[in-house]
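To start, the structure itself, in structure tokens.
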Amino acid sequence: MKKQQYTKYYVSALIIACILVLSIVPLLRLDNSFSGTEAYLHLRMAENEGMFDELSYGGRFALYSLGLPSILSLNPDLLGYVLPLVLGVLSFLLFLGLLKEFNIETKSLAAIILILSPSFLGLFTTLNKLIIPIFLTLFGFYLIFRKSRLHLLAIPVFAIMPFFNIVISLMSLFLAFLLVNFKLKNKRWLFYILLPITIITTSLFLGYIFKNTTFERLMFEIGKSGINGKLQDIFSEMGGRYGLSIFASILAIFGMINNWKNKYKELFIFFSVFSLIILMMFRIEAIILLNFFIAVFAAKGFKAFLNARWESKNLRFFILLTFICGIVFASMAQGSRIVNSLPNEAINDALKFLDNLPDGTVFSHYSRGFWISYAGKSNVMDDNFMFAPNVNERWKDSQELFYTRDWKIAKGIIDKYNIKYVWIDNYLQEEIWEGDDEGLLFLLEYSNSLKKIYDNKDVYIEQAVQIWKVQEE
Amino acid sequence: MKKDYIILFAIFIVVFQFRLLFAFQTPYLSADDAYYNLRHTEHIMQTFSPIIFDQLSYGGRYIIDSHLFHYFLAFLKLILPMSFVFKMLPELLFASLVFIIYGIAKRITENSTAALFAAFISGFIPIFISNSLNNLSQYALLFPLLFYQLYCMLNLKTHMGRFILLAFILPLLHPFSFILSIAMVLYSILLNLEGMKVVKMQRESILFYILIGILINLILYKRAFFSSGLLAVWQSIPTNLLVQYFTNINVLALVYNIGFIPLILGILGILIGLFKEKQKPVYLLSAMILGNFILLFLKLISIQVGMMFLGILLALISALSIEKLISYLNMTKFVKYKQHLFFLGVILIVLTMVIPSYFNAKNIIDNSISFQEVEALNWIKDNTHENSTVLASIEEGNYITSIAKRKNVADKQFMLAPNRYSEMQEMFITESQVKALQFIDKYGVDFIYLSERTKKERSIEHLKYVDKKCFHMVFKNEKTTIYKVLC
């Protein structure tokens, strides 16, 4: 009885910790804006009915995850803030439930490591397309474990998952396959229902996409590439948005080594981990799923360190302290990155100004595309390259416009895309150009056909945004 | 025993005196990097806080440095005179290596004569002298501490506290300290390959040293890792410069610079330690050499630093060969000439190590920043607006910020700095005035500082694009010319 009560308190404390961590990070963003760019796309789509997005790439088929905007459309302003937190806490509870099902001894420790993991923090502190599918994955697995007829509910959960994220849906299906083959052998029949249903919904969704769009292979490289790029995706400390903590990963390796003797008992976990390690080389979604397993093994590793026979107690203390500091550091670094990420006040003010301007296409770097369309203006390019119309041509033209000093060339591109405004901010300036009068900056400065209509340099100095208007000749 | 300590102390005095003799031949410091350290130390002395955003370097950029060395110097400056802290202290620290080398060599060989020879050799590695003399460098503190950590590692039972303390200090001091982590991993692998076991306490200490090293480096260089990932370990050194690390390597020059004796005796020592005696400390030292080569191969360290480290390691391992030679000598009839042979050994060291060290030291002092150069830099400080930007070669960038107190276009602190290396190189050799003016316009250059040193390094006689219309010569002495940009 006493133990039960103790467990109850412990779980409550963990839930409170989870709520605190997930709510503090967004609250620290003083301007109440969402971190990054993706949230702005979903919020706009929540208010935009229909399958045609007229603001992205000058008009395109709205190939986005259908589920999230549909849910957000109920109350975009409120759900935009609340949904990540609610789903984060629910996912955390489901994770605790799953740990119980797997009889993990170190569940409290695993839960703490999960709360502090940069991947979990990055996922559930801002609105993004992965929050619902990850929640659904955990929910689906939790349902599969149910002994009553509740496990049948896993079927609709897996069935709707492709509408939120096809990749996670397929990965979850694969993990479900491992689960019924290595752990819940008596529920193989359930997998035989999940498999065709998930494939049917995935095919339907994909079919709908291919019917309405044409696929164009990207001829340019974006983001990180090569081994270093992969490492940057995988580890949070190297810059990965959903990356793993290096120290939790080291602990997890020790945990796995320590548990190697139980590999036949925990075949599902070991197979899942190895599969996800391979998959994470190709898709970042696998990193998020792997993070849950990392939390489990890191907890086991920590316990193994704690209980091992040490020659030097001092070293034991310092090693464990280093691990704790490493995990906390990764979490804090991730938190601080989310808090300090763009858009900042200067950009928000500029977006408000842009919102009030007459309609027209705005030219900027693709990374500003979602913000521009959130302000109700059409962009030339945004982050959503997949199935975008003439994406390679638009990329080439954008690059040319960034670096040309020849007004004739620039004018040609401006006319081609009917560009009315140009958005330049200081961060962009640092990223794209080296000097103050390189390429487009030179034209903006010296061409009479471009007029500065907004500049918040006086207020924000180093974070300033400028909006230029193309004068009609 | 007491006699050994007296000899050891005498060796230290000789090495220290040798260094001081040259260091005080010039009132200035020899390397451009030294002025980076000097400037940061002076800033800490004045404000008690480090420069985080440097307004002068690259015209304004963030500095990523733990500043531990600068705080160390600033603290000493509170209680000691300036000439001691900036001129004598680095020499004292570098010379103190002989004590540590003696300690490690004695631990490996248990022969004080061999250890004394190793200590003597380590004090006169020519390439070490070249790169450390009259140089206010972090390596002055790093090298002795790194080797002392090695000593602690070999004596963990008695030196555990110091090992833990140094495990915190070393990564804070310089990223090069990570070489010990690499060496420790290689050491474990080598021992495993030989079917030997790493002692449990050593295993624990290796794990701790590696983990704390990773953590501190991740915290210190967070910004760099975030933006560049693993590439941050190359400290944003321009590719062109990395390529240069290994060009013009002359094997004979390397032998001359490391020293013939440590090279032969060191290699012999490795062979004896690894294959005959199977001594664990030699495995550790070999792992350090291997680690050094790995860092060199990956171009993570410059050839100069790599060779400095290699020289000291070889001098250290030489003790094993010397000990074997002494043992062998004791078994032969030559034993009665032991004293003479020792004397011959000393003569050999003097001929092959001390004399090359003398010439290297002389060369370093001769090529130090001259009075005329300092005069020109002071002219800039006194006669230009404090917001002026001065173009100087990348190797003289820190002179501009430290002595002239003006903005430079680029210097050798590459971490998180914009890559201007190629442009900078071209700026001194281009014939095109259009190109030069574009560059000048781009970086807002107001003055050009052209020294004889720059001319010599780039094999030029003057800047070909300079004419009277766009450039006005505002200062000239034997070794420098300063132009004001008019266009």
*Under a 4.5 Å heavy-atom cut-off, does chain B meet the side chain of A:Glu311, its backbone, both or neither?*
both
*With a 4.5 angstrom heavy-atom cut-off, which part of A:Phe323 approaches chain B: side chain, backbone, both or neither?*
side chain
_Carboxylate-amine/guanidinium proximity below 4.0 Å for B:Glu423 and B:Lys435_ = no
_Is A:Phe305 in contact with chain B via its backbone, its side chain, both, or neither, using a 4.5 Å heavy-atom distance?_
side chain
*Using non-hydrogen atoms only, which part of B:Met160 is less than 4.5 Å away from chain A: side chain, backbone, both, or neither?*
side chain
*Kindly state whether the ring of A:Phe402 and the ring of A:Trp433 have centres lying under 6.0 angstrom apart.*
yes
*Which region of B:Leu215, side chain (C-beta onward) or backbone (N, CA, C, O), has a non-hydrogen atom less than 4.5 Å from a non-hydrogen atom of chain A, or is it both or neither?*
both
_Taking side chain as everything from C-beta outward and backbone as N, CA, C, O, which of these in B:Gln202 sits under 4.5 Å from a heavy atom of chain A? Side chain, backbone, both or neither._
neither
_Option in B:Arg420, B:Lys222, B:Gln438 with maximal non-hydrogen atom pairs under 4.5 Å from chain A_ = B:Lys222
_If we count only N and O atoms by modelled type, under 3.5 Å, do the side chains of B:Tyr148 and B:Arg162 hold a donor and an acceptor together?_
yes
*Taking A:Gln232 for the side chain and A:Met238 for the main chain, is one N or O donor matched with an acceptor at less than 3.5 Å?*
yes
*With a 4.0 Å cut-off, would you call B:Lys484 and B:Asp446 a salt bridge?*
no
*asked:* A:Leu121 and side-chain contact (heavy atoms from CB on, under 4.5 Å): which single residue from A:Thr126, A:Leu114, A:Val21 fits?
replied: A:Val21
*Contact winner vs chain B - A:Arg337, A:Glu438, A:Glu430, A:Arg309, heavy-atom pairs under 4.5 Å*: A:Arg337
*With a 4.5 Å cut-off on heavy-atom pairs, point out which of B:Gly161, B:Ser228, B:Gly444 contacts chain A the most.*
B:Ser228
*So what's closer than 4.5 Å to chain B heavy atoms on A:Phe318: side chain, backbone, both or neither?*
both
*Give the member of A:Asn314, A:Leu231, A:Ile250, A:Leu315 that has the highest number of heavy-atom pairs under 4.5 Å with chain B.*
A:Leu315
*Measuring heavy-atom distances to chain A, does B:Phe168 have an atom under 4.5 Å in its side chain, in its backbone, in both, or in neither?*
side chain
*Report yes or no: do A:Ser341 and A:Ser35 form a side-chain donor-acceptor pair below 3.5 Å?*
yes
*asked:* Centroid separation under 6.0 Å, is that true for the rings of B:Phe53 and B:Tyr62?
replied: yes
*Check the side chains of B:Gln149 and B:Tyr209 for a donor-acceptor pair under 3.5 angstrom, ignoring hydrogens and angles.*
no
*Among B:Ile212, B:Leu231, B:Asp441, which residue forms the greatest number of heavy-atom pairs with chain A at distances under 4.5 Å?*
B:Leu231
*Proximity breakdown for A:Leu321 and chain B, heavy-atom pairs closer than 4.5 Å*: neither
*Does a donor on one side chain and an acceptor on the other come within less than 3.5 Å for A:Ser312 and A:Arg316?*
no
*Who among B:Arg203, B:Glu204, B:Lys200 has the most heavy-atom pairs with chain A under 4.5 Å?*
B:Glu204
